[in-house]
Amino acid sequence: MKHILICLIASVLLFSYIGQNTVMAKERVAYATPVAAGVAVARAAVTAAAPMSAVAKKEPVKPVEEQIGLLLSHADDLNSARFKNGFEKSIPKEIKLHSLDAAGSAESQKTMFNKMIGQKFSVIVLDLMNLADVDYYVDAAGKAGVPLVIIGDEPTLSQLSHYPSVYYVGFQKSSMPELMATETIRLWKDNPIRMNFEDDKWDLTYSALTRDGFEKSGNKEVFQTAMEAAGVSVSMAVDSVVKQMEYDLIKEVDQTVIDDSEIVFFDNSTDVQRALEFFYDPTEFKRGRPKQQFALTVIDDGAAKLVEDGEVLFAIGTDFRELGVATAQLAQLLAINPLSNLQTFEQQLVNERFFYLPDTILRADIKPEPVEVEEEESDKEPAKPSSKLKK
């Protein structure tokens, strides 16, 4: 059974996303953030105060009912689906959640937003579709006195400053090829045999099958510069731009084997699954799966399963499910007691308005394989590593 280690890369994280009350659960890291703590404190204060007044008046207490509105721009988008899943699972049952989908229409989004304002929701979470409309939403929320949390396109600080109870939750800006290089270098040092198996020269041959093209996107230069700065010589074999139509993925994967690539980068977990079907086909490879290793630059359920099974060395990317969890926690805090609770973590905000999540890294649990040195008197060759990752 493989173990997944989720590594969030940053020294200052959203709501101290790592550090406070960290616990392990089902081989993933679960975080009890200051936001969640603030929600618990606020709810305790509300429920503690209400019975006292009820006893004095001898009347039944009317429960406090918070309503959170979630307005998505494209609910059928994969990232939106992951966000919604994380968001909905993080909202407690006692808080009513109303989710709407603008289905890609900016005008529909405005209409739905106005309805939420009219229904006096406790807080609205808006997946901003058009950055040009941000002033409209901020002003409307400000006039109604409804706290607003924005995701999606990032507004400027001056745009958010029109209303004190509006915030943005998004991802930290980072360099994907630098993160890829960091993880590859770590594996190179820990598993030199696994990462360098095609020749006696200690260099890394790699390939990339991506939607934007590795060199065309500028990732090749950044990746190779970072690798060589760490003392690892690299050369690129296949740089294939994956297309939706008239594209032979298996042919490109086969070319990475012909060109002796030692690691292949993908940006789609489905492509890796297809490549593995090809690699494990006994009619194609009678001696077993080729030794090429795979890595992913996307975080989704498919990527997580591939890492867990040891078929992918690592996966790096933005996790929209985690974004949903963090946004839901902030929404709860604003819905219950917006002013007093926010004072407890104002020092953790960027410019008092912005919350950023770092990239997520999923790592396969691979034990380091030491290089076996042949003794002078022995005629035996060093043992070669298994072509498959250990189960």
Side-chain angles (χ1 to χ4, degrees), residues 4 6-10 12-20 22 25 28-36 38-39 68-92 95 97 99-102 109 123-129 131 134 137 147-155 160 166-176 179 267 269 296-304 315-335 342 345 348-351 353-362:
I4 296 179
I6 300 184
C7 303
L8 302 179
I9 308 170
V12 180
L13 308 179
L14 172 65
F15 315 141
S16 298
Y17 217 66
I18 294 179
Q20 297 194 17
T22 305
R28 285 184 177 270
V29 182
Y31 304 98
T33 69
V35 175
V39 170
I68 294 177
L70 174 60
L71 181 50
L72 297 172
S73 59
H74 299 83
D76 58 348
D77 176 79
L78 290 178
N79 289 334
S80 294
R82 284 183 64 81
F83 173 89
K84 186 179 180 183
N85 178 270
F87 189 93
E88 291 181 342
K89 288 186 176 181
S90 301
I91 299 295
I95 295 181
L97 174 61
S99 299
L100 294 176
D101 175 24
Q109 190 172 55
V123 60
I124 297 175
V125 176
L126 172 68
D127 181 8
L128 186 61
M129 186 182 309
L131 197 56
V134 66
Y137 290 113
L148 176 63
V149 179
I150 297 175
I151 61 172
D153 289 343
E154 182 174 343
L160 297 190
V166 57
Y167 301 88
Y168 175 80
V169 182
F171 291 107
Q172 210 169 55
K173 292 179 175 62
S174 59
S175 171
M176 178 59 71
L179 296 178
D267 61 1
S269 57
L296 271 165
T297 59
V298 66
I299 299 293
D300 56 22
D301 292 339
I316 303 177
T318 51
D319 191 342
F320 281 83
R321 181 173 291 154
E322 291 297 318
L323 182 68
V325 171
T327 306
Q329 290 176 349
L330 175 58
Q332 291 177 62
L333 191 59
L334 290 167
L342 287 178
F345 63 91
Q348 299 173 26
L349 308 179
V350 176
N351 292 324
R353 297 303 180 98
F354 298 85
F355 298 81
Y356 295 110
L357 271 72
D359 287 285
T360 296
I361 300 179
L362 307 181

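Side chains included, hydrogens not; waters and symmetry mates left out as well; all remaining heavy atoms used.
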Using atom types as modelled and distance alone, determine if a side-chain donor or acceptor of Q109 lies under 3.5 Å from a backbone N or O of L126. no

Please report the interatomic distance CD(Q329) to CD1(I91), rounded to the nearest 0.5 Å. 9.0 Å

Can you tell me how far the CZ atom of F320 sits from the OG1 atom of T327, to the nearest 0.5 Å? 10.5 Å

Can you sort out the partners of D101 under side chain to side chain donor-acceptor pair (under 3.5 Å), two or more places apart, ordered by chain and number? none

Determine the minimum heavy-atom distance between G86 and V325, stating which atoms define it. O-CG2, 3.7 Å

Apply side chain to side chain contact (heavy atoms under 4.5 Å, CB included) to the pair I124 and L148, showing each step before the final yes or no. CA-CA 5 Å; I124 297 175; L148 176 63; 4.2 Å; yes

Listed by chain and number, what are the side chain to side chain donor-acceptor pair (under 3.5 Å) partners of D127, not counting sequence neighbours? S73

Closest non-hydrogen contact found for S269 with L296 is N-CD2, 3.8 Å

Could you check whether atom CG of L78 has more than 12 heavy atoms from other residues, nucleotides or ligands sitting under 6.0 Å from it? no

Testing the basics here: between Q332 and S90, what is the closest heavy-atom pair and its distance to 0.1 Å? NE2-O, 2.7 Å

For V123 and A331 the tightest heavy-atom approach is CG1-O, 3.5 Å

Which heavy-atom pair separates L362 from A304 by the least distance, and what is that distance? CD1-CA, 3.7 Å

Knowing that exactly one of D77, D301, D300, T318 qualifies, which makes a side-chain hydrogen bond (donor to acceptor under 3.5 Å, both in side chains) with R82? D301

Any donor and acceptor pair, going by atom type alone, linking the side chain of Y168 with main-chain N or O of G152 inside 3.5 Å? yes

Rounded to the nearest 0.5 Å, what separation is found between the CZ atom of F83 and the CG atom of L72? 7.0 Å

Identify the two heavy atoms, one from G317 and one from I299, that lie closest to each other, and give their separation to 0.1 Å. N-CG1, 3.5 Å

Apply side chain to side chain contact (heavy atoms under 4.5 Å, CB included) to the pair L160 and I150, showing each step before the final yes or no. CA-CA 10 Å; L160 297 190; I150 297 175; 4.1 Å; yes

Interatomic spacing from OH in Y356 to CD in E154 - rounded to 0.5 Å: 3.5 Å

Between CG on residue L357 and CG on residue L323, distance to nearest 0.5 Å: 6.0 Å

Reported CG-to-CD1 distance for the pair L71 and I151, which is rounded to 0.5 angstrom: 9.5 Å

Examine distances only and state if a side-chain atom of N351 and a backbone atom of R353 form a donor-acceptor pair shorter than 3.5 Å. no

